[in-house]
Novice: 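Okay, handing you the structure first.
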Amino acid sequence: MGGAAQRCRRGAACGAAERHGEWGTGGGFLEGPSGEAFVSGFVAPHCGSITAADEGREVELYGWVGRRRDHGGLIFIDLRDRWGAVQIVFNPTNAPQAHAVASDLRSEYVVRAKGVVGRRPAGSENPRMATGEVEVTASELEVISSAKTPPFQIDDDTDADEALRLKYRYLDLRRPRMQQMLEMRHRVVKAMHRYMDAHEFVEVETPMLLRGTPEGSRDFLVPSRLHPGSFFALPQSPQQLKQLLMVAGLGRYYQIARCLRDEDLRADRVVEITQLDVEMSFCTEEDVISLIEGLWVQVWKDVMGVDISTPLPRLDMQESLLRFGTDKPDLRYELEIADVSEQLRATGATVLRSALEQGGVVRCLAVPGGSNLSRRELDELALIAKGAGAKGLTWMPGPLDKFLTEGEVAAIRTAVRAQAGDLVLLVADRRRKAETVMGLLRREIARRRKLIREGEWKFVWIYPMYLFEEDDQGNLTYGHHPFTSPWPEDMHLLQDRPYQVRARAYDCVLNGVEIAGGSIRIHERALQERVFEILGLSREKIHAQFGHLLDAFEYGVPPHGGIASGIDRLMMAMSRTDNIRDVVAFPKTQSHQDLMLGAPSPVDQAQLDELHIAIKPVT
RNA sequence: GGUCCCGUGGUGUAGCCUGGCCAAACACGCGGCCCUGUCAAGGCCGAGAACGCCGGUUCGAAUCCGGUCGGGACCGCCA
């Protein structure tokens, strides 16, 4: 037994599925620490790894019972583990006892089955199964653990409600697709570690309990027991710490970091994210960009065996907003947006002209072959536009026809390159709103008309970006974050035309998913203070919140920059799902609840007392 | 902070717009019996939901109205 176990341990250490034939007789009794025998399935072969090469071999398998097909005489089951599933046959004449036990098997029972691997009788192979050429004819069967009927079918095409899947996540995660996701995620992170190490980056862990900042995203707070009334904040990102590591002279830092942001969720947002966090000294944006391009090459090669060709294309952020209506464009389909504000400056269509007169814009999009869109479909599109806050949506040919001159119609159709039979959607609104709405419509049209070329990997760098943006109230705020360096040649615009100042910031977008973003940082105290001031922060505030960083900048600071790649979103893009919860093992709902654990939950009064916290009743 | 969609047996849906024919239909699953080559096994039989919750309108509500809870999508927000 010892011999078999040792061979297998070595096998386990050297990795996954490539070690057929390495295992011994499998399973069996080992001696435990207290001297009594116990069954170990750790050394047993995997259900999903049995192949025709194992023919004639006696194996002991451990797994979960999938479907049972009981013919009265013969009984078939699919025995499943993480590696896949294999068919086990129970024959009443050869092994009456095993057959009797098999008669009482139900879905999701955990069993141990012993038997001989054999080829299936000619004609009964199952080409849809990886192990479909073979089967195991059972001689022994033991039920290790019985199971209640699960609340939903454990298979890939289960259509159970997501809330139910989250409540029973441990069952949901039994589905082959979810197990493949977990394994793929592991391989992505492993490739990242390898790559960063090979480029002489050092992984440093940063604290989870930080100082809160009212800037940026809302903090998750942790009350301090020893300091009544004071709170720690959980990291939104290790941003300042990684910059300080550069001041410390580390040169190249990375971390697979957990970050928490207390914001409202979306299909592509979770509360707790994992990011590959990177910072490096004496670098330019070109260094960071080519480093990350190399990372994608390595990850795609390691995980999917796909070659990515670099350098990747780049797109100016303002151009992206104009042409695609978003700063994370999906370039797997064309559908470009056009601005027709100038062409309509004097139009007789009052809705359009008045929007322009109020400083807005008119943007449009051609729907290929869209003249056959039904009134109902158009109403649905209008509802999307309205839901996004647009004043309205119109189309051409459509309700505005009698107000538009022939020249205007022709100019619009030319601007969007509309073909005969195309419908043109028009939105007139404030610039930012028009962009958002057109971006949503563009995506919706692509989905409905199936214009997305699945299977393509469309990477693009959004670069340059801009240092400042206008917030909802029309106030100036930062585009990326307040530590981002302006372009040196745009310095003179800082005071008077801040919105035109380009930032040394870059986002990497894949198939419409933002998979990384970063910048070259400011490393001069004076410039950093100036940017804070332009952002409207008071001296006191700057000192209180960023004093440590500014102080550090007085002790010899290397120029530095970095990037962070959200692994959850990267996984989303790689596994082509548009639901981020599908790539997280234990995700929370849109309202931040863990339906399995029942978190968040009230706590004992004693715990609150210890933390000096009094609960204010909800009004 | 806001807009929209959804909530019917264990699961997924139909019914809801146009209230009574719905103590509610279908499929899967579940239970029993039959069946020695199936793999979404098959055949026969069977059990299982007063329709998220509260209130209102009505002679009468799964169906209409209001509120509430839960899930989801989106705008804002997410440095």
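Just so we're on the same page: letters track the sequence lines, and every chain starts at 1. For the numbers below, each heavy atom of this structure counts, side chains included, while hydrogens, waters and symmetry mates do not. Remember, it's a predicted structure, so these values are computed and weren't measured experimentally.
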Novice: Using a 4.0 Å heavy-atom cut-off across all strands, classify A:Q545 as base, sugar-phosphate, or nothing.
Specialist: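 If one applies the 4.0 Å heavy-atom cut-off, A:Q545 turns out to touch nothing in the nucleic acid.
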Novice: Have a look at A:R581 and say if it touches a base, only the backbone sugar-phosphate, or nothing, with a 4.0 Å heavy-atom cut-off.
Specialist: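 A:R581: backbone/sugar contact only, no base atoms under 4.0 Å.
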Novice: Between B:A40, B:C78, B:G72, which one does the side chain of A:S217 approach most closely?
Specialist: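 Output: B:C78.
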Novice: Please measure how far the C1' atom in B:A47 lies from the corresponding atom in B:C30, and state the result in whole Å.
Specialist: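 My reading of the C1' atoms in B:A47 and B:C30 gives 9 Å.
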Novice: Of the listed nucleotides (B:C78, B:G1, B:C74), which one gets closest to any side-chain atom of A:E263?
Specialist: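 Within the option list, the nearest is B:C78.
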Novice: Rounded off to whole Å, could you give me the NZ-to-C1' distance for the A:K433 and B:G76 pair?
Specialist: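 Atom NZ in A:K433 sits about 7 Å away from atom C1' in B:G76.
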Novice: Can you tell which of B:G71, B:C30, B:C39 lies closest to the side chain of A:Q593?
Specialist: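 Selected nucleotide: B:G71.
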Novice: Nearest whole Å is fine: how far is B:C75 P from A:L265 CG?
Specialist: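 Going from CG in A:L265 over to P in B:C75 covers 13 Å.
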Novice: Where the side chain of A:A267 is concerned, which of B:A73, B:G76, B:C39 is the nearest nucleotide?
Specialist: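 It is B:A73.
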Novice: Given B:C30, B:A73, B:C75, which nucleotide is nearest the side-chain atoms of A:S107?
Specialist: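 Shortest atom-to-atom distance from the side chain points to B:C30.
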Novice: Between B:G37, B:U36, B:C75, which nucleotide gets closest to the side-chain atoms of A:F76?
Specialist: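 When the side chain of A:F76 is considered, B:G37 is the closest of B:G37, B:U36, B:C75.
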Novice: When the P atoms of B:G31 and B:C16 are compared, how many Å lie between them, rounded to an integer?
Specialist: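 Between the two P atoms, the distance is 34 Å.
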Novice: If you go through the side-chain atoms of A:R67, does one of them form a donor-acceptor pair with the base of B:U38 closer than 3.5 Å?
Specialist: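 A donor-acceptor contact between them is absent.
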Novice: Sticking with atom P, work out how far B:G10 lies from B:C51, rounded to a whole angstrom.
Specialist: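 B:G10 and B:C51 have their P atoms separated by 13 Å.
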Novice: Identify, between A:Q87 and A:T589, the residue whose nearest nucleotide on RNA chain B lies closer to the 5' end.
Specialist: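 Nearest-nucleotide comparison on RNA chain B picks A:Q87.
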Novice: Please check if the distance between the ring centroids of A:F483 and A:F546 is under 6.0 Å.
Specialist: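 Yes.
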Novice: What is the distance from CE of A:M596 to C1' of B:G70, rounded to the nearest Å?
Specialist: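 Rounded to the whole Å, the gap is 18 Å.
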Novice: Any side-chain N or O of A:R266 less than 4.0 Å from the OP1 or OP2 oxygen of B:C75?
Specialist: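 Indeed, a polar side-chain atom of A:R266 lies that close.
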Novice: Distances under 3.5 Å only, N/O to N/O: pair up the protein atoms with those of nucleotides 7-11 of chain B.
Specialist:
unit_1	atom_1	unit_2	atom_2	d
B:G10	O2'	A:P151	O	3.2
B:U11	O4'	A:P151	O	3.4

Novice: If you measure from the Lys or Arg side-chain nitrogens to the Asp or Glu carboxylate oxygens, is any gap between A:D172 and A:R169 under 4.0 Å?
Specialist: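 Judged by the 4.0 Å cut-off on N to carboxylate O distance, A:D172 and A:R169 do form a salt bridge.
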Novice: Using the C1' atom in both, what is the distance from B:C34 to B:A25, to the nearest Å?
Specialist: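 Per the computed distance, 29 Å lies between those C1' atoms.
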Novice: Would you say the side-chain atoms of A:Q236 and A:D219 include a donor-acceptor pair closer than 3.5 Å?
Specialist: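 A donor-acceptor contact under 3.5 Å links the two side chains.
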Novice: Could you tell me how far apart A:F90 (CZ) and B:U36 (C1') are, to the nearest whole angstrom?
Specialist: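 The distance from CZ of A:F90 to C1' of B:U36 comes to 14 Å, rounded to the nearest Å.
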Novice: Check every atom of B:A73, B:U38, B:G1 against the side chain of A:Q590 and return the nucleotide holding the closest atom.
Specialist: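 It is B:A73.
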Novice: Grab the CG-C1' distance between A:D268 and B:G72 for me, whole Å please.
Specialist: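 Rounded to the whole Å, the gap is 14 Å.
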Novice: Go through B:G76, B:G72, B:C39 for me and flag the one nearest to the A:T436 side chain.
Specialist: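 Shortest atom-to-atom distance from the side chain points to B:G76.
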Novice: Under 4.0 Å, heavy atoms only, any strand: does A:R120 hit a base, just the sugar-phosphate, or nothing?
Specialist: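 Base contact.
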Novice: Counting C-beta onward and ignoring hydrogens, is there a side-chain heavy-atom pair between A:L426 and A:L393 closer than 4.5 Å?
Specialist: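 No, side chains not in contact.
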Novice: Taking only residues at least two apart or on different chains, which pairs with a member in residues 127-137 of chain A satisfy salt bridge (Lys or Arg N to Asp or Glu O under 4.0 Å)?
Specialist: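 For residues 127-137 of chain A, and leaving out neighbouring residues, the salt bridge (Lys or Arg N to Asp or Glu O under 4.0 Å) pairs sorted by first residue read A:R119-A:E133.
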Novice: For A:Q240 and A:H548, does a side-chain donor sit closer than 3.5 Å to a side-chain acceptor?
Specialist: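 On atom types as modelled, these side chains qualify, holding a pair under 3.5 Å.
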Novice: Does B:A41 have A:H71 stacked on its base, where the ring centres are within less than 5.5 Å and the planes differ by under 30°?
Specialist: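 A:H71 vs B:A41: stacking yes.
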Novice: Roughly how far apart, to the nearest Å, are B:U68 and B:G2 at atom P?
Specialist: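 Approximately 11 Å lies between the P atom of B:U68 and that of B:G2.
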Novice: Exactly one of A:V583, A:D582, A:T577, A:D578 should register a side-chain contact (heavy atoms from CB on, under 4.5 Å) with A:I580. Which one does?
Specialist: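 Of the listed residues A:V583, A:D582, A:T577, A:D578, the side-chain contact (heavy atoms from CB on, under 4.5 Å) partner of A:I580 is A:V583.
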Novice: For B:C64, give its Watson-Crick or G-U wobble partner with both distances under 3.5 Å, or none.
Specialist: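 Answer to the pairing question: B:G56, which forms a Watson-Crick or G-U pair with B:C64.
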Novice: The test is side-chain hydrogen bond (donor to acceptor under 3.5 Å, both in side chains); show your working for A:Q255 and A:T206 and say whether it passes.
Specialist: CA-CA 9 Å; A:Q255 181 183 190; A:T206 51; 3.1 Å; yes
Novice: With rounding to the closest Å, how many angstrom separate the P atoms on B:C5 and B:G67?
Specialist: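 That atom pair is separated by 14 Å.
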Novice: Here's a test of your reading of the structure: between A:S591 and A:A388, which maps to the more 5' nucleotide of RNA chain B?
Specialist: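 Nearest-nucleotide comparison on RNA chain B picks A:S591.
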Novice: Report the base-pairing partner of B:A47 (Watson-Crick or G-U wobble, both distances below 3.5 angstrom), or none.
Specialist: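 Pairing partner, where one exists within any strand: none, as none qualifies.
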Novice: Considering only heavy atoms and no angle criterion, is a donor-acceptor pair shorter than 3.5 Å present between the side chain of A:R261 and the base of B:C77?
Specialist: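 Such a pair does not exist between side chain and base.
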Novice: Assign the ring pair A:Y463 / A:W487 to parallel, tilted or perpendicular, where the plane angle (0 to 90°) is split at 30° and 60°.
Specialist: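 Ring orientation, 0 to 90° scale: tilted.
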Novice: Rounding to the closest angstrom, what is the interatomic distance between B:A62 and B:C35 at atom C1'?
Specialist: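 Taking atom C1' in both B:A62 and B:C35, they lie 42 Å apart.
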Novice: Are there any protein N/O atoms within less than 3.5 Å of an N/O atom in nucleotides 15-18 of chain B, and if so, which ones and at what distance?
Specialist:
none

Novice: Can you check nucleotides 25-27 of chain B for protein contacts, nitrogen or oxygen pairs under 3.5 Å, and list what you find?
Specialist:
none

Novice: Quick one: list whatever passes side-chain contact (heavy atoms from CB on, under 4.5 Å) with A:D264, sequence neighbours left out.
Specialist: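 If we apply the side-chain contact (heavy atoms from CB on, under 4.5 Å) test to A:D264, skipping adjacent residues, there are no hits.
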Novice: For the side chain of A:P121, counting heavy atoms from C-beta on, which of B:G37, B:A41, B:C75 is nearest?
Specialist: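 The listed nucleotide nearest to A:P121's side chain is B:G37.
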Novice: Indicate whether the side chain of A:R521 and that of A:S519 have a donor and an acceptor atom separated by less than 3.5 Å.
Specialist: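 On atom types as modelled, these side chains qualify, holding a pair under 3.5 Å.
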Novice: Partner lookup for B:G76, please. Criteria are Watson-Crick or G-U wobble with both distances under 3.5 angstrom; report none if nothing qualifies.
Specialist: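 Its partner is none (no Watson-Crick or G-U wobble pair with both distances under 3.5 Å).
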Novice: With sequence neighbours excluded, what pairs up with A:Q593 under the side-chain contact (heavy atoms from CB on, under 4.5 Å) test?
Specialist: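 With neighbours one apart ignored, the set is A:T589, A:S591, A:L595, A:P600.
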Novice: Do A:E524 and A:Q528 meet the criterion of a side-chain donor-acceptor pair at a distance under 3.5 Å?
Specialist: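 The answer is no; no qualifying pair exists.
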Novice: Contact class for A:T213 (heavy atom, under 4.0 Å): base, sugar-phosphate, or nothing?
Specialist: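 The residue A:T213 makes no contact with any strand.
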Novice: Please work out if A:S237 contacts a base, only the sugar-phosphate, or nothing of the nucleic acid, heavy-atom cut-off 4.0 Å.
Specialist: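 Base, at least one base atom sits under 4.0 Å.
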Novice: Will you find, in the side chains of A:R581 and A:Q590, an N or O donor that is under 3.5 Å from an N or O acceptor?
Specialist: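 Note: A:R581 and A:Q590 side chains miss the donor-acceptor criterion.
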Novice: Would you mind telling me which of B:U36, B:C77, B:C74 lies closest to the side-chain atoms of A:R269?
Specialist: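 The nucleotide sitting nearest to the side chain is B:C77.
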Novice: Tell me the interatomic distance from A:L74, atom CG, to B:C35, atom P, rounded to whole angstroms.
Specialist: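 Between P of B:C35 and CG of A:L74: 13 Å.
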Novice: Side chains of A:D104 and A:Y109: do they bring a donor and an acceptor to under 3.5 Å?
Specialist: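 Judged by distance alone, the side chains do not pair up.
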Novice: May I ask you to verify whether the side chain of A:R106 and the base of B:G29 hold a donor-acceptor pair under 3.5 Å?
Specialist: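 It does not, because no donor-acceptor pair links the side chain of A:R106 to the base of B:G29 below 3.5 Å.
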Novice: Considering only atom P, compute the distance from B:G19 to B:A61 and round it to an integer number of Å.
Specialist: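 It comes out at 14 Å once rounded to the nearest Å.
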Novice: State whether a side-chain donor-acceptor pair under 3.5 Å links A:T326 with A:E435.
Specialist: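 No, because no side-chain N or O of A:T326 sits under 3.5 Å from a partner of the opposite role on A:E435.
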Novice: Is the glycosidic torsion of B:A50 within 90° of 0, making it syn, or is it anti?
Specialist: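 That one's syn.
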